[in-house]
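A short write-up of the structure that comes next.
Below, chain A is the first sequence line, B the second, and so on; all start at residue 1. Because only heavy atoms are used, hydrogens play no part in the values below, and waters and symmetry mates are left out as well, while side chains stay in.
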2 protein chains.
Amino acid sequence: MTTARPGLRENQRLRTRKDLLEAAARLVRQGRNPSLEEVAEAAMISRATAYRYFPSVEALLSEAPLDVAMPEPGDLFARVGTDDPVARVKLVDAAVAQVIANEATALRMMLVHSLQFRLKGGTGQMPARQNRRTPLIEAALEPVRKRLGAASFDRLVRALALVIGTEGAIVFKDVLELDDHEAKAVRQWMIGALVGAALQDAKD
Amino acid sequence: MTTARPGLRENQRLRTRKDLLEAAARLVRQGRNPSLEEVAEAAMISRATAYRYFPSVEALLSEAPLDVAMPEPGDLFARVGTDDPVARVKLVDAAVAQVIANEATALRMMLVHSLQFRLKGGTGQMPARQNRRTPLIEAALEPVRKRLGAASFDRLVRALALVIGTEGAIVFKDVLELDDHEAKAVRQWMIGALVGAALQDAKD
DNA sequence: GAGATAATGAGATTATTATCTCATGTCAAT
DNA sequence: ATTGACATGAGATAATAATCTCATTATCTC
């Protein structure tokens, strides 16, 4: 008897939770900055229940899955016939920049709420921020993975993730006040410099 | 006659404004995440007046002057007898990292409110985020300024500002989930790679 | 299917945040 | 000093966000 062990009523709860997160993501993608009440309504769930699942909009929005149209590594590199890591990473950068430009508001909102949540939440464990670009960067660097070695490879991936991601874009724009063109120029130069330096390291 | 031209009652207004900003900064440095009402109270100014000057806490906190104990370029490089740009930039990085570690909460809060404000404010002109590290970076690179040329110098400064600043630290920690030690390793490597590449460019 | 019980919904309640109103105090020019 | 214009303060009011209560509904076990 007894099938698996669905907790007590886990399915029901997981479904409600998922509905809330999806509704939140939907609203955010429409460029709205929804309150918890709006999300609940969009999910056809009562406020009270929504508050039972998430203590604040911040908690909700920092987990919402923004299924942004990030290209698959396969698609991205299929047509490009090069093994040049710099060219490949620049390709990733261009693709990511494209996505960021399209979803700028939504991505920024997610980041803000995520940071805000960390401020309020204090010590509790945080939901991991999704990081969709790292796989792309790793795929771009695949041709030189062996040559670099694990440690150097990881370090380069992390460095590039800082340069290429959403957050980097926001820093360039909001903090350093560069326009898109300037920001792109800096990023492209950084990509060349960083990949070049990593390869140089490997020669020694 | 008539002394200068104090607007109509500009001094008075400037003073209240300043009092509000200072009170906000003070509270933030104490690690609090104050509401506009709390700031007003701390500044001994009524809510109503505070709202006359700033439409929201975000607006207030994104302008609050966090006079963080950032070292002066002079002091920082006085004792170090080197012209090696990499060593000097690493010195800046260490100093900035120190400050960031001390004021982590306050700096993060300022960043969050600043981004939040941009979200709400929409199109209006934003108060420029203060950027205290760029002068330090420029001072560190002074020995190679001529060699690099203006364009290359600026580009390098911008790239390093991304790596070294508060925002970069937050990205490393919150998004990429690196611990302090890992983050530092990546930053130091990036500094070497970027400065090295810029110098290399200059040789051609 | 019936009973037990967890999950939900709807509305009331409270807390927090923002705005409005008008009386009072202050500044500057006469 | 008097006047007029402006800034301020205090409290009322409105708007929003969060919490609580309890009746209802849905799911699980048998």
Side-chain angles (χ1 to χ4, degrees), chain A residues 1-24 27-28 32-64 109 112-114 116-117 119-122 124, chain B residues 1-24 27-28 32-64 109 112-114 116-117 119-122 124:
Chain A
M1 41 160 275
T2 201
T3 67
R5 178 158 281 273
L8 272 178
R9 248 157 147 165
E10 209 168 340
N11 283 339
Q12 190 177 23
R13 280 186 284 116
L14 288 179
R15 206 154 20 95
T16 314
R17 184 185 167 82
K18 180 177 67 63
D19 288 348
L20 280 170
L21 289 171
E22 284 176 358
L27 291 176
V28 164
R32 309 205 18 67
N33 187 170
S35 67
L36 206 151
E37 168 155 16
E38 290 174 291
V39 177
E41 187 177 3
M44 293 186 296
I45 286 171
S46 83
R47 282 183 301 293
T49 300
Y51 275 106
R52 285 191 188 99
Y53 283 80
F54 299 94
S56 63
V57 251
E58 284 78 30
L60 177 48
L61 289 192
S62 30
E63 283 191 58
M109 194 179 311
V112 169
H113 285 288
S114 157
Q116 180 97 308
F117 178 54
L119 262 184
K120 291 171 129 192
Chain B
M1 42 168 291
T2 201
T3 67
R5 176 160 282 274
L8 271 178
R9 243 155 152 170
E10 207 168 340
N11 284 337
Q12 191 178 21
R13 280 187 284 115
L14 288 179
R15 201 152 28 84
T16 30
R17 184 186 166 82
K18 180 178 66 63
D19 289 347
L20 280 169
L21 289 171
E22 284 176 359
L27 291 175
V28 164
R32 311 207 11 74
N33 188 170
S35 68
L36 206 151
E37 169 154 15
E38 290 173 290
V39 176
E41 187 176 1
M44 294 188 295
I45 286 171
S46 82
R47 285 181 297 295
T49 302
Y51 275 106
R52 284 190 188 101
Y53 283 79
F54 299 95
S56 62
V57 251
E58 284 77 30
L60 178 48
L61 290 192
S62 31
E63 284 191 57
M109 194 180 309
V112 170
H113 285 287
S114 155
Q116 179 98 307
F117 179 55
L119 261 184
K120 292 171 128 193

The contact string for nucleotides 11-16 of chain C, one letter per nucleotide 5' to 3', using protein heavy atoms under 4.0 Å with B, S and - for base, sugar-phosphate only and none, comes out as B-----
In whole angstroms, the gap separating P of dA26(D) from CZ of R13(A) amounts to 18 Å
Practice prompt. Scan S56(A) against the nucleic acid and name what it touches under 4.0 Å (heavy atoms): base, sugar-phosphate only, or nothing.
Written response: nothing
Is any side-chain N or O of T49(A) closer than 4.0 Å to OP1 or OP2 of dA7(C)? no
Across all chains, not counting sequence neighbours, the side-chain hydrogen bond (donor to acceptor under 3.5 Å, both in side chains) partners of E41(B) are none
Side-chain contact check for R52(A): nearest option of dT27(D), dT8(C), dA17(D) is dT8(C)
Across all chains, not counting sequence neighbours, the side chain to side chain contact (heavy atoms under 4.5 Å, CB included) partners of A42(B) are A23(B), L27(B)
Here the residues of residues 37-46 of chain A within 4.0 Å heavy-atom distance, strictly under, of DNA chain D are none
Compare all side-chain heavy atoms of L21(B) with those of F54(B) and state whether any distance is below 4.5 angstrom. yes
Rounded to whole Å, CG of N11(A) lies from C1' of dT27(D) at a distance of 10 Å
With sequence neighbours left out, the residues meeting side-chain hydrogen bond (donor to acceptor under 3.5 Å, both in side chains) with D19(A) are none
All stems that DNA chain D takes part in, i.e. 3 or more consecutive Watson-Crick or G-U pairs with distances under 3.5 Å, are C:1-30 with D:1-30
Q.
Just so I know, are the side chains of L61(A) and S114(A) near enough to count as touching, which here means a heavy-atom distance under 4.5 Å?
A. no
Contacts of V57(A) meeting side chain to side chain contact (heavy atoms under 4.5 Å, CB included) (sequence neighbours excluded), chain-then-number -> L36(A)
| query | dT8(D) phosphate, OP1 or OP2: any side-chain N/O from Y53(B) under 4.0 angstrom? | reply | yes
Compare side-chain N and O positions of Y51(A) against OP1 and OP2 of dT19(D) and report whether any pair is under 4.0 Å apart. no
For S56(A), the side-chain hydrogen bond (donor to acceptor under 3.5 Å, both in side chains) test, sequence neighbours excluded, returns E58(A)
Sequence neighbours excluded, the answer for salt bridge (Lys or Arg N to Asp or Glu O under 4.0 Å) partners of E37(B) is R47(B)
Looking only at dT27(D), dT8(D), dA18(C), the nucleotide nearest the R15(A) side chain is dT27(D)
Across all chains, not counting sequence neighbours, the salt bridge (Lys or Arg N to Asp or Glu O under 4.0 Å) partners of R32(A) are E38(A)
E58(B) atom CD is separated from dA18(C) atom P, nearest whole Å, by 7 Å
Picking from dA7(D), dC22(C), dG9(C), the nucleotide nearest the side-chain atoms of Q12(B) would be dA7(D)
L36(B) atom CG is separated from dG9(D) atom P, nearest whole Å, by 13 Å
Across all chains, not counting sequence neighbours, the side chain to side chain contact (heavy atoms under 4.5 Å, CB included) partners of A40(A) are A50(A)
- prompt: Any side-chain N or O of T16(B) under 4.0 Å from OP1/OP2 of dT8(D)?
  reply: yes
When rounded to whole Å, the CD to P distance for the pair Q116(B) and dT17(C) reads 13 Å
Residues passing the side-chain hydrogen bond (donor to acceptor under 3.5 Å, both in side chains) test with Y53(A), sequence neighbours excluded, are none
Atom CG of D19(B) and atom P of dG9(D) are separated, to the nearest Å, by 10 Å
